[in-house]
K.L.:
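I have a structure I would like to understand better, so I am pasting it below and will then ask my questions one at a time.
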Amino acid sequence: MRAVRLQAPGRLEAADLPCPAAPGPGEARVRVHRVGICGTDLHAFGGRQPFFTYPRVLGHELGVEVVAVGAGVALEPGQRAAVEPYLNCGTCIACRSGRPNCCVSLRVLGVHVDGGMTEELVLPARKLHPSARLTLDQLALVETLGIGAHAVARAAVAAGETALVIGAGPIGLATMQFVAAAGARVIALDVNPERLEFCRRQLGVAHVLAATGEVEAALRDLTAGDLPTVVFDATGHPGSMRAAFDYPAAGGRLVFVGLFQGDVTFHDPQFHRRELTLCASRNALPSDFARIIGLIEGGRIDTTPWITHRARLEDLPTAFGPWTRAETGVIKAMVAV
Ligand SMILES: [Zn+2]
Ligand SMILES: [Zn+2]
């Protein structure tokens, strides 16, 4: 079975893997058709993904087709599905409280266990979210969109609110789309003018701010002096995360979608005076996957701006390197298997 494996940082190589066994009870064997590339993959390639072990078959943003099912599985061969790549234990406190996205022993496909840069996989059938209407590309985008959808759900964004999204990379862009789908107004903030232009042109974001200017004053101008009621940080940058405490309105919420492997400090009086609510957002819930598929099917989430680069699996060892460089303008690269 054809595959591409990350042998070590910077070394992505073609590999020949054994075909997976027949699916057991509750499992499905799937043919992988599309693999989306995201920041996690780029960091793993660059050797900057903490706790990452090599060799590893990457790939957690997948558009698949069911080829065989085990006992007790309602799916049928030929059905297409998005994959929820978060393999959870089912018994820990998080799993017992309906939050498998933050399972205490979570294993993510393509990160902690081998993922989808290969022809076939056997997966728990409950991790497959089928759709007869989404294209394979769209199915592979569902996981990325899920990160934004879950962040917006964490903040319970309501219609009529104004939300600031800091960071206009894929996670920020997904967050902006679901803020807009919730009927709230989006303000995008980034250091990169090209990314802000992308938000304006491709996502129809009306208000974009350069992170180099007087951000708080500009936010007050856009909100009749109030400041945004919700702020999302999708940068994973400690300086940005610290500054983000200055931007929510009194009584507002701050959501850290991007993560940083270290300490983030903040000025407590600022946090207390405004009685802010701070939340982390990690991965996405099974219900987020089903909801996103419904929103794409209903035309409420537009996936056309997303895919900027493409490659075939066999070309990946040479195609991948350039995607790690910002100047190539990659938003989402999509691999056909
Ligand atoms: Zn991803
Ligand atoms: Zn668990």
Side-chain angles (χ1 to χ4, degrees), residues 4 6 12 26 32 34-46 48-52 56-64 82-117 121 123-124 126-127 129 136-152 167-178 232 234-236 256-259 280-289 292 301 303 306-309 311 316 320 323-324 330-335 337:
V4 166
L6 185 59
L12 206 53
V32 180
R34 295 288 186 280
V35 183
I37 305 299
C38 93
T40 306
D41 305 310
L42 301 174
H43 289 309
F45 182 84
R48 299 183 307 275
Q49 184 72 359
F51 316 118
F52 200 88
R56 177 70 63 224
V57 177
L58 302 176
H60 62 274
E61 302 182 359
L62 309 178
V64 305
V83 175
E84 181 193 334
Y86 321 125
L87 306 176
N88 63 304
C89 77
T91 55
C92 75
I93 175 71
C95 290
R96 294 198 314 274
S97 9
R99 299 174 68 170
N101 61 314
C102 60
C103 168
V104 298
S105 47
L106 189 70
R107 292 172 312 141
V108 178
L109 211 60
V111 178
H112 309 100
V113 297
D114 282 348
M117 286 186 183
L121 289 171
L123 297 169
R126 65 192 166 85
K127 297 295 178 184
H129 298 273
L136 290 163
D137 286 342
Q138 288 176 319
L139 290 167
L141 289 170
V142 170
E143 194 269 349
T144 291
L145 292 167
I147 306 299
H150 186 60
V152 172
I171 293 174
L173 296 175
T175 304
M176 290 174 208
Q177 285 194 303
F178 288 95
F232 297 92
T235 67
F256 284 168
V257 202
L259 66 139
S281 182
R282 186 180 180 197
N283 299 324
L285 289 168
S287 56
D288 294 319
F289 280 75
I292 293 157
I301 291 289
T303 57
W306 275 92
I307 300 170
T308 53
H309 292 67
L316 199 56
F320 195 92
W323 297 339
T324 61
V330 178
I331 300 293
K332 181 61 65 183
M334 190 60 71
V335 179
V337 179

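Both ligands and their constituent atoms are indexed starting at 1 by order of listing. Atom set for the values below is all heavy atoms of this structure, side chains included, hydrogens, waters and symmetry mates excluded. Please read these numbers as outputs of a predicted model, since none were measured by experiment.
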K.L.:
Can you spot which of I37, V83, V35, D41 makes a side chain to side chain contact (heavy atoms under 4.5 Å, CB included) with H60?
P.N.:
D41

K.L.:
Could you check E143, R107, R282 and say which one makes a side chain to side chain donor-acceptor pair (under 3.5 Å) with Y86?
P.N.:
E143

K.L.:
For the atoms SG of C89 and SG of C103, give the angle they form at the Zn ion (ligand 2), rounded to 10 degrees.
P.N.:
100°

K.L.:
Report, rounded to 10°, the angle at the Zn ion (ligand 1) between the two atoms SG (C38) and OE2 (E61).
P.N.:
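Rounded to 10°, it measures 100°.
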
K.L.:
Check whether any side-chain heavy atom of M334 lies under 4.5 Å from a side-chain heavy atom of L141, and answer yes or no.
P.N.:
yes

K.L.:
Once rounded to 10 degrees, what value does the angle at the Zn ion (ligand 2) take between SG (C95) and SG (C92)?
P.N.:
110°

K.L.:
Among V57, L109, V64, which residue meets the side chain to side chain contact (heavy atoms under 4.5 Å, CB included) test with L121?
P.N.:
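Only one of V57, L109, V64 forms a side chain to side chain contact (heavy atoms under 4.5 Å, CB included) with L121, namely L109.
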
